[in-house]
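The structure appears right after this line, and notes come after that.
Letters A, B, ... mirror the listed sequences (proteins, then strands); counts begin at 1. This structure is a prediction, so every number in the text was calculated from the model and none was measured.
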Number of protein chains: 2
Amino acid sequence: MPVSDLTNSAQDYLKLIWTATEWSTTPITVTVLAERMGVRPSTVSDSIKKLKDQGLLTHAPYGTIELTPAGSAHAVDMVRRHRLLETFLVQVLGYGWDEVHDEAEVLEHAVSDTMIERIDQHLGHPTRDPHGDPIPSADGQPHRPGAIQLGHAEPISEVTVVRISDADPAMLRYFSDIGLTPDAQLTIHQQRPYTDTTTITLSGQQKNIDLGPAASSAVWVTTSLINSRHGQEHIVETTTGESSARK
Amino acid sequence: MPVSDLTNSAQDYLKLIWTATEWSTTPITVTVLAERMGVRPSTVSDSIKKLKDQGLLTHAPYGTIELTPAGSAHAVDMVRRHRLLETFLVQVLGYGWDEVHDEAEVLEHAVSDTMIERIDQHLGHPTRDPHGDPIPSADGQPHRPGAIQLGHAEPISEVTVVRISDADPAMLRYFSDIGLTPDAQLTIHQQRPYTDTTTITLSGQQKNIDLGPAASSAVWVTTSLINSRHGQEHIVETTTGESSARK
DNA sequence: GTTCAATGTTAGTCTTGCCGAACTTGGATG
DNA sequence: CATCCAAGTTCGGCAAGACTAACATTGAAC
Ligand SMILES: [Mn+2]
Ligand SMILES: [Mn+2]
Ligand SMILES: [Mn+2]
Ligand SMILES: [Mn+2]
């Protein structure tokens with residue numbers, strides 16, 4: 001049951017496979033896994049085979065990769081570790097939200113279960129990390145709020161930022177500068193299909209801001225009807241289901 | 001210069017070789033190194049050869065092992081990491097002093113230089129770890145106080161506890177129970193050579209306590225004349241030199 | 001001064017994680 | 001429906017770190 005008998009690399013694979021389907025439904029591929037792990041596809045193929053032999057995922061050659069319940073449990077454990085550590089670094093050691101990901105990526109494999117529980121306690125059992133991502137509870141329940149990417153939000157609507165991908169630190173610094181952080185409220189003015197930009201205004205500000213495709217797919221916002229001015233997707237918040245957005 | 005380009009195992013070897021001569025002058029052997037690393041002597045032989053090839057230590061076959069300046073710098077860096085982490089775990093996360101060693105042993109390889117500096121700052125640049133061991137400064141200066149093992153202290157004298165070896169957690173718990181911690185003052189009553197026990201009284205208490213050889217070699221006390229009633233070793237505190245005790 | 005046991009070294013093997021090169025597969029394209 | 005190519009797989013090899021078994025050295029005891 002404890003995650004500790006897996007190698008660091010196995011822990012990273014499971015976490016990566018799990019998070020790949022946290023905010024999207026497109027299945028993870030060997031190539032994407034290789035890019036994200038910083039290794040060659042042949043290495044991923046080998047590793048996947050070993051994880052399959054350990055009963056942590058299912059995979060037929062050239063087929064899709066899917067976690068077993070056991071693999072998923074380990075993955076959720078790693079996600080919990082990662083996000084608690086990120087939160088700890090920001091809250092206790094004064095890190096910026098753009099600095100914590102890489103540090104947590106290493107620490108998540110090194111801290112003991114005891115230390116994770118002490119951190120959780122010290123922070124008062126936080127439910128979201130500095131990027132707005134939900135922190136699974138100790139019993140392995142992830143609580144996924146319904147959300148869509150900013151670039152897919154309906155104009156004109158008023159939405160709340162749910163989470164921001166922590167993949168690009170430079171982008172996170174830009175977002176801090178303009179005040180675009182989790183829980184920020186903003187108005188979607190326009191989606192320009194050909195230039196692929198989204199025009200928004202942060203609530204309390206006058207200035208319009210244009211976000212390119214990279215930025216508007218990194219930011220996820222509420223899908224609920226609350227605060228909306230026009231009708232758009234009527235997607236009910238859920239803790240387990242998928243949220244799908246109309247193109 | 002950064003320690004990070006060494007493997008975890010190389011970092012542990014260097015740290016172990018360095019700490020072996022921190023409180024004693026007897027040179028480290030392959031067998032002792034193997035015991036402390038939890039590996040076979042043949043493994044140590046191989047590893048030592050690699051570290052020698054990297055210019056981190058000197059070693060002729062069947063000869064003594066000694067760190068080069070480069071090896072020593074890495075070792076001191078690791079000792080600083082280890083002791084800062086131990087201090088952090090006690091001060092911030094509420095660990096007991098008997099719980100921190102194993103956690104720090106893993107973490108020391110995982111935290112970044114940045115995190116170490118932030119921890120140092122957060123703690124206000126502490127100079128001693130929870131076991132009384134000196135924390136080398138960032139520029140690599142270890143400050144070694146003169147100290148001798150409790151079992152070698154002259155009766156009858158009054159001494160202060162300088163440091164206690166953190167090797168045995170159960171022993172540390174016993175020491176907490178009786179109030180024997182760094183900076184505690186105590187009176188040495190008797191050294192019994194054949195039963196190998198030391199009789200002490202903690203200041204503020206009446207009760208005599210008998211400590212066996214394991215306990216009285218784990219505890220190191222002041223060598224200075226301060227507080228002494230009889231004359232004993234006249235060893236002046238120093239930051240760089242060796243302290244030698246008369247047998 | 002020999003002897004011999006403890007200490008240390010060497011050689012061969014395993015596992016993990018990675019690589020490049022060569023091969024296989026399957027779906028998109030015409 | 002045949003082709004082709006990107007995606008995925010297999011294979012051999014390498015380095016690190018560990019082991020066991022066999023061999024070498026040292027120095028303490030006699
Ligand atoms: Mn990781
Ligand atoms: Mn995060
Ligand atoms: Mn260590
Ligand atoms: Mn310590």
Length of the [atom1]-[atom2] vector between [X] and [N], whole Å:
X	N	atom1	atom2	value
A:Leu6	C:dT16	CG	C1'	14 Å
A:Glu35	D:dA7	CD	C1'	12 Å
A:Ile65	D:dA7	CD1	P	14 Å
A:Lys52	D:dT9	NZ	C1'	13 Å
A:Asp46	D:dA7	CG	C1'	15 Å
A:Ile48	C:dT16	CD1	C1'	16 Å
B:Leu33	C:dT7	CG	P	14 Å
A:Leu51	C:dT16	CG	P	12 Å

Comparing B:Val44 with A:Asn8, nearest DNA chain C nucleotide closer to 5' gives the residue B:Val44

Look at the side-chain N and O atoms of [X] and state whether any lies under 4.0 Å from the OP1 or OP2 oxygen of [N].
X	N	value
A:His59	D:dT9	yes
A:Thr7	C:dG17	yes
A:Lys49	D:dT10	yes
B:Arg40	D:dT20	yes
B:Thr43	D:dC19	yes

base_contact_polar (C:dT7 base, B:Tyr62 side chain, donor-acceptor, <3.5 Å)
no

Distance criterion of 3.5 Å, no angle test: do you see the side chain of B:Ser42 paired donor-to-acceptor with the base of D:dT20?
yes

Minimum-distance nucleotide (side-chain atoms of B:Tyr13 versus D:dA18, C:dT9, D:dT9)
D:dA18

Parallel, tilted or perpendicular: which fits the ring planes of A:His122 and A:Phe88, with parallel below 30° and perpendicular above 60°?
perpendicular

Within the 4.0 Å heavy-atom criterion, would you say A:Pro41 contacts the bases, only the backbone, or no part of the nucleic acid?
base

Over all strands shown, is A:Thr29 touching base, sugar-phosphate only, or nothing at heavy-atom distances under 4.0 angstrom?
sugar-phosphate

Under 4.0 Å between a Lys/Arg side-chain N and an Asp/Glu carboxylate O for B:Glu117 and B:Arg81?
no

is_close_aromatic(B:His131, B:His101), centroid dist under 6.0 Å:
no

With distance as the sole test, does A:Ser72 use its side chain to make a donor-acceptor pair with the main-chain N or O of A:Thr68 at under 3.5 Å?
no

Test salt bridge (Lys or Arg N to Asp or Glu O under 4.0 Å) applied to B:Asp129 and B:Arg163, step by step:
CA-CA 9 Å; B:Asp129 84 358; B:Arg163 53 96 50 169; over 6 Å; no

